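Here the structure is a predicted model, which is why all the values come from computation and not from measurement. First the proteins, then the strands, lettered A, B, ... as listed; each starts at 1.
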Amino acid sequence: MRRSCAMNAPFPPDLRPELHRRVLDWYADHARVLPWREPGCSPWGVLVSEVMLQQTPVARVLPQWEAWTARWPTPSDLAADAPGEAVRMWNRLGYPRRALRLHAAAVAIRDEHGGQVPDDHAALLALPGIGAYTAAAVASFAFGQRHAVVDTNVRRVHARAVTGDAEPAAALTAAENRLAVALLPDDEATAARWAVAVMELGALVCTARAPRCDDCPLLERCAWVLAGRPPHTGPARRGQAWAGTDRQVRGRLLAVLRESPDPVTAEGLAACWADAGQRDRCLDGLVADGLVEPLDDGRFALPRT
DNA sequence: GAAACGTGGAC
DNA sequence: TGTCCAAGTTT
């Protein structure tokens, strides 16, 4: 094992029941009504929501999720369409590779899992675009299993309420995972409820910018509050540049292709960015990523195969 | 482990 | 008004 066990001291087991009760009671009264939380929502609907919600706010996901699940009610429905249709339907959700990977996941589910979203964590993790968080989230939310579901909301709640820090570390650490596992209720159904409840607390109350501590069920037990709300000590996380970056160019190129019902000529793409060198490089990148397909006639299209 | 990867609302 | 931030994954 490792160094510094003191820093990784296990959470006191005797405090867990109170923690669980406070958060679960709060969730019972304050959970948002979201379509992917409805009892009738399929595992596929949950999976689609989780991928869409990666780095994307709920408010922007809602209409896209409705459109996607209406058009493709099952993985096989999506797998039967061209991947470019998934990219087109992604609209402006951002990170369009997620759409491509969701399509690839649908193909894998159809071909390797009989068209049913697998309920096994390892099988979920093996799907394209499904990482540690999403695999645990789907296994927990869709199938009621007991998993540590660690997203940015959960990390923030744990950092403040349990560890006493204003913010979690820049990247997910092994200690954070161990803590999340240690906090998990023993009972499977309760663990699944706990997972979504902690996330909801982070999303609605224990927020990044201005936490609503007065509304928090953990206020009297919050390590960060009890420590006097010390400011974050670590390095400030640096923001992402945007203007003039390849990401902006890629976004513009893909927007042109999404909005055109037909393949687009090189001239049609040239209008969206003046710097030909950067434009061509980004277009090559999109082709390499499989988001754009070059046609034999020199035009470009969203991927058809 | 760092860097790349979209987009738009909020403050 | 520009920065911050949103249910991460991949290389």
Between [Y] and [X], is there a salt bridge with N-O shorter than 4.0 Å?
X: A:Arg88; Y: A:Glu259; answer: no
X: A:Arg37; Y: A:Glu200; answer: yes
X: A:Arg221; Y: A:Glu18; answer: yes

For [X] and [N], what is the distance between atoms [atom1] and [atom2] respectively, to the nearest whole Å?
X: A:Gln248; N: B:dG6; atom1: CD; atom2: C1'; answer: 10 Å
X: A:Met52; N: C:dG8; atom1: CE; atom2: P; answer: 15 Å
X: A:Leu62; N: C:dA7; atom1: CG; atom2: P; answer: 14 Å
X: A:Asn91; N: B:dG8; atom1: CG; atom2: P; answer: 9 Å
X: A:Asp151; N: C:dC5; atom1: CG; atom2: C1'; answer: 14 Å
X: A:Leu93; N: B:dG9; atom1: CG; atom2: C1'; answer: 14 Å
X: A:Tyr95; N: C:dA7; atom1: OH; atom2: P; answer: 13 Å
X: A:Ile130; N: C:dA7; atom1: CD1; atom2: C1'; answer: 12 Å

Answer with base, sugar-phosphate or nothing: what part of the nucleic acid does [X] contact at a heavy-atom distance below 4.0 Å?
X: A:Gly131; value: sugar-phosphate
X: A:Ala132; value: sugar-phosphate
X: A:Ala208; value: sugar-phosphate
X: A:Trp36; value: base

What distance, rounded to whole Å, do you find between the two P atoms, one in B:dA2 and one in C:dA7?
22 Å
Euclidean distance for P, C:dT11 against B:dG6 (whole angstrom)
14 Å
Classify the side chain of A:Arg60 and the base of B:dT7 as holding, or not holding, a donor-acceptor pair under 3.5 Å.
yes
Looking at the base of C:dG8, is there any donor atom on it, or on the side chain of A:Thr152, that sits under 3.5 Å from an acceptor on the other one?
no
Does OP1 or OP2 of [N] have a side-chain N or O of [X] closer than 4.0 Å?
X: A:Gln55; N: C:dG8; value: yes
X: A:Ser49; N: C:dA7; value: no
X: A:Arg92; N: B:dG8; value: yes

Choosing from [options], which nucleotide comes nearest the side chain of [X]?
X: A:Arg97; options: C:dG8, B:dC5, C:dA7; value: B:dC5
X: A:Arg209; options: C:dT10, B:dA10, C:dA6; value: B:dA10
X: A:Leu34; options: C:dA7, B:dT7, C:dT9; value: C:dA7

Would you mind telling me which of A:Arg101, A:Met52, A:Arg247 makes a side chain to side chain contact (heavy atoms under 4.5 Å, CB included) with A:Tyr95?
A:Arg247
Between A:Pro57 and A:Leu172, name the one whose nearest nucleotide on DNA chain B is closer to the 5' end.
A:Leu172
Does A:Gln240 or A:Ala171 map to a spot on DNA chain B nearer the 5' end, using the closest nucleotide for each?
A:Ala171
Between A:Gly129 and A:Arg37, which is nearer to the 5' end of DNA chain C once each is assigned its nearest nucleotide?
A:Arg37
Between A:Trp273 and A:Gln248, is the side chain to side chain contact (heavy atoms under 4.5 Å, CB included) condition met? List the steps.
CA-CA 10 Å; A:Trp273 198 257; A:Gln248 184 182 22; 3.5 Å; yes
Regarding A:Arg98 and A:Thr56, do their side chains bring together a donor and an acceptor under 3.5 Å, going by distance alone?
yes
